[in-house]
*Asks:* 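I'd like to ask some things about the structure below.
Positions are given from 1, in the same order as the sequence printed here.
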Amino acid sequence: MHVVSDECVKCGACEATCPTGAITEGETKYVVGDACIDCGACESVCPTGAIAAE
């Protein structure tokens with residue numbers, strides 16, 4: 001599973017890229033849910049490098 005760190009600027013690129021809809025907007029950053037299939041699509045589009053494999 002991938003996790004989002006505090007470097008997230010809530011740009012939405014990851015949410016738009018996720019093929020399973022596992023990423024949702026949280027209060028202070030985006031959150032990766034249980035539907036994550038570890039494809040890495042979100043990680044590659046994050047402009048701040050805030051998403052990484054757990």
Side-chain angles (χ1 to χ4, degrees):
M1 180 133 126
H2 282 70
V3 292
V4 181
S5 72
D6 290 337
E7 284 80 32
C8 176
V9 294
K10 293 179 76 172
C11 69
C14 59
E15 181 181 34
T17 303
C18 182
T20 63
I23 302 174
T24 56
E25 187 173 358
E27 232 175 272
T28 59
K29 61 185 178 181
Y30 276 82
V31 179
V32 180
D34 291 337
C36 176
I37 58 171
D38 274 333
C39 68
C42 58
E43 192 174 357
S44 65
V45 298
C46 181
T48 62
I51 304 173
E54 188 173 46

*Asks:* Minimum heavy-atom separation for H2 and A53, please, with both atom names.
*Replies:*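 The pair with the smallest heavy-atom distance is CD2-N, 3.5 Å.
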
*Asks:* Considering only distance and modelled atom types, tabulate donor-acceptor pairs under 3.5 Å from the side chains of residues 16-23, sequence neighbours left out.
*Replies:*
from : atom 1 : to  : atom 2 : distance (Å)
T17  : OG1    : A13 : O      : 2.8
T20  : OG1    : A35 : O      : 3.1

*Asks:* Got a list of side-chain donor-acceptor pairs under 3.5 Å for residues 25-32, not counting sequence neighbours?
*Replies:*
from : atom 1 : to  : atom 2 : distance (Å)
E25  : OE2    : K10 : NZ     : 3.2
K29  : NZ     : V4  : O      : 2.9
K29  : NZ     : D6  : OD1    : 3.4
Y30  : OH     : E15 : OE1    : 3.4

*Asks:* Considering residues at least two apart in sequence or located in another chain, which fulfil the side chain to side chain donor-acceptor pair (under 3.5 Å) criterion with S44?
*Replies:*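 Per chain and number, S44 pairs via side chain to side chain donor-acceptor pair (under 3.5 Å) with no residue.
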
*Asks:* Atom CE in M1, atom CD1 in I37: separation rounded to 0.5 Å?
*Replies:*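 Rounded to the nearest 0.5 Å, the CE-CD1 separation comes to 13.0 Å.
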
